[in-house]
Amino acid sequence: MEKKITFDSFIRDVTIVLLLVGIGLFVKRLSSVLLPFAIAWLLAYMLYPLVRFLQYRCRLRNRVVSIVVALVLVLSALTGMLWLIVPPLIDEGAKLSGYVSPIAQQYLGESRITESLSRYVERFVNENTIVSLIQQDNVRDAIQTGIAQLWNLVTQTLGYIAGIFTVFVVFLYLFFILLDYEKISEGWVKLIPAEKRPFAAQLASDVERGMNSYFRGQSLIAFIVGILFSIGFLIIDFPLAIGLGLFIGLLNLVPYLQLIGFIPTIVLALMKSLETGQNFWVIILMALAVFAVVQTIQDMYLTPRIMGKVMGLNPAVILLSLSVWGALLGFIGLIVALPLTTLCLSYYRRFVLKE
């Protein structure tokens, strides 16, 4: 029997839609304030199993101690990973500058620069030019330019300070969320009217299950991709093969972020070319071949088999969801794209198609 649409039900549905739109606009308005909390909640969600393991399995009964130890372990692991990558890259960069300096001096030597500068001065600089430079209008323009540059420096400095403060706020949120994680994750449902609590609890359970599946699958893919990159770089005898491969694998935890790996790859390829005398383009083409092979394995086999099986999504749907949610929510959207897509499809089948 079809449900009859009445004026009251129509007004109620319109009110709900307007309320949802208003909430969306309100959240968008406060996005700069809510984003640190959202990041902290996501980090807390990922760190909670480790905190729980340390507290109950490793006999660290105090939750504060467990949180501190978990943060120290994670930061130490990330620092160790960066230590394997960054210092060698700095050394390679120093060597690269040592190779580049003689070339620069050869083609842009001091005598040539001085000679060119002298010809330029003789041609364009005369007494009239000097007089015009010290005229009142030019001095005022120079002062205005200097003030603008000073203001840019001040705003950039304030931006750095704001960034540091945001990181501090994220860690503060993270600590207090982990401190009462169980109360927050289980007590929020009491804020919802009693008749809506079963649906809200089921929704939260579905989201959590989707997130768990996504992070397990994505972590496995990132680990395998890191191993494949390391093997590929070792085969072509690329500098820092294992460290660079694991670094690119770590970047794969977030879709499309592995593109950052091109930067150290190009630097290391140039470094190897200068050290060994091999053609730079041959080296970079071999490195790009490794990227192409690993990316093909990831897109054609790993992602469909692992993420497709875990999330129940077609590879084309996976790519589309990453694009859509990334455009809507930015960096956070890339992280939660697949769980949200799975959730939307699940509720569409449940409530619209009645399956």
Side-chain angles (χ1 to χ4, degrees), residues 74-110 112-113 217-307 315 318-319 322-323 326 330-331 334-335:
V74 173
L75 291 177
S76 299
L78 293 176
T79 303
M81 179 68 68
L82 292 176
W83 186 257
L84 291 175
I85 301 296
V86 175
L89 278 179
I90 294 175
D91 294 338
E92 297 293 339
K95 292 180 182 178
L96 180 61
S97 64
Y99 284 108
V100 171
S101 296
I103 299 175
Q105 291 178 0
Q106 179 180 356
Y107 291 97
L108 299 172
E110 182 179 355
R112 295 187 181 183
I113 294 176
Q218 194 65 25
S219 299
L220 180 59
I221 290 176
F223 176 74
I224 296 175
V225 167
I227 298 298
L228 291 176
F229 269 110
S230 299
I231 294 174
F233 289 143
L234 285 173
I235 292 175
I236 66 173
D237 193 25
F238 202 76
L240 301 178
I242 296 178
L244 182 61
L246 295 178
F247 175 70
I248 298 176
L250 181 64
L251 294 176
N252 262 271
L253 286 173
V254 179
Y256 302 132
L257 198 62
Q258 66 267 30
L259 296 176
I260 297 177
F262 280 116
I263 298 175
T265 301
I266 294 173
V267 173
L268 291 173
L270 182 59
M271 192 65 242
K272 181 180 179 181
S273 174
L274 294 174
E275 284 185 343
T276 63
Q278 296 180 355
N279 188 289
F280 167 76
W281 295 109
V282 173
I283 299 174
I284 199 65
L285 283 175
M286 289 192 297
L288 291 177
V290 173
F291 271 91
V293 171
V294 175
Q295 193 66 42
T296 301
I297 295 175
Q298 179 181 352
D299 292 340
M300 301 298 294
Y301 184 80
L302 294 178
T303 299
R305 289 296 183 92
I306 297 176
M307 295 304 296
I318 291 176
L319 294 176
L322 290 173
S323 302
F331 180 76
L334 293 176
I335 298 176

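Hydrogens, waters and symmetry mates are skipped; everything else that's a heavy atom, side chains included, is used. Counting from 1, the numbers follow the sequence of the chain as shown.
- Taking CD1 from Ile306 and OG from Ser219, the interatomic distance works out to 10.5 Å, rounded to the nearest 0.5 Å.
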Acceptor/donor pairs from residues 220-240 side chains to any protein atom, 3.5 angstrom cut, sequence neighbours excluded:
unit_1 : atom_1 : unit_2 : atom_2 : d
Ser230 : OG     : Gly226 : O      : 2.9
Ser230 : OG     : Ile242 : O      : 3.3

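- Not a single donor-acceptor pair under 3.5 Å links the side chain of Gln298 to the backbone N or O of Val293.
- Residue Pro264 comes nearest to Ile260 through the heavy atom pair CD-O, 3.3 Å, listed as atom of the first residue, atom of the second, then distance.
- Rounded to the nearest 0.5 angstrom, Ile248 CD1 and Gln295 CD are separated by 10.5 Å.
- To the nearest 0.5 Å, atoms CG (Asn252) and CG (Leu302) are separated by 9.5 Å.
- Side-chain contact between Thr296 and Tyr301 is absent, with no heavy atoms from C-beta onward closer than 4.5 Å.
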Extract all donor-acceptor atom pairs below 3.5 Å that involve side chains of residues 276-287 and protein atoms in other chains or at least two apart in sequence.
unit_1 : atom_1 : unit_2 : atom_2 : d
Thr276 : OG1    : Lys272 : O      : 2.6
Thr276 : OG1    : Gln278 : N      : 3.4
Asn279 : OD1    : Trp281 : N      : 2.8
Asn279 : OD1    : Val282 : N      : 3.3

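- Thr79 contributes a side-chain N or O that, together with a main-chain N or O of Leu75, makes up a donor-acceptor pair within less than 3.5 Å.
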